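Both ligands and their constituent atoms are indexed starting at 1 by order of listing. It should be emphasised that the depicted structure is a prediction, and the values quoted were computed from it without experimental measurement.
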Amino acid sequence: MILQVPTSQKTQLVDITRQVADAVARKGFTDGAVVVFAPHTTAAVTINEAADPAVPGDILLAINRMVEDDLPYRHGEGNSPAHVKSSLVGASEIVAVENGRLALGTWQGIFFCEFDGPRQRKVRLFFLPGT
Ligand code: ZN
């Protein structure tokens, strides 16, 4: 299953928790895990606090500070910082599903991480049956 994730900023964390939960419900998937995978080299997926919108903002602030824009990068496309950020955060997360619901912690949400936007992005979901 593929989710469409439009982004509107150069770097941005987009809360996709609701989209993933809705997809799990549409699929009728009740127990196991869902893999949330970003098929991109300049984007990522992470789980963190979704209750306070300052948290994803702070994560982005720190990642953008950690990965400098003006290193002597060799990749000709000019978006090497986005590639580095993508690898640091990682392309996927696994979320347990219990009784048809995402078994996230109270404050957790699933974020699509845009590092070279704005673009129309995709997230692929893989459903792993289990108990
Ligand atoms: Zn590139």
Next item on the list: Would you check if the Zn ion (ligand 1) lies under 2.8 Å from any N, O or S atom of T42?
Entry: no
Item checked: N, O or S atom within H75 nearest to the Zn ion (ligand 1), by name -> NE2
Notebook entry, point to check: What's the atom name of the N, O or S in E77 nearest to the Zn ion (ligand 1)?
Noted result: OE1
Note to self: Tell me which N, O or S atom from H83 is the closest to the Zn ion (ligand 1).
What the structure shows: NE2
Check: Looking only at atom types and distance, does a side-chain atom of H40 sit under 3.5 Å from a main-chain N or O of K122, one as donor and one as acceptor?
Finding: yes
Check: Has the side chain of Q12 got a donor or acceptor atom that lies under 3.5 Å from a matching backbone atom of Q9?
Finding: yes
Next item on the list: Evaluate whether atom CZ of R119 has more than 12 neighbouring non-hydrogen atoms of other residues, nucleotides or ligands under 6.0 angstrom away.
Entry: yes
Next item on the list: Apply the side chain to side chain contact (heavy atoms under 4.5 Å, CB included) test between L13 and each candidate in I63, I59, D58; give the one that qualifies.
Entry: I59
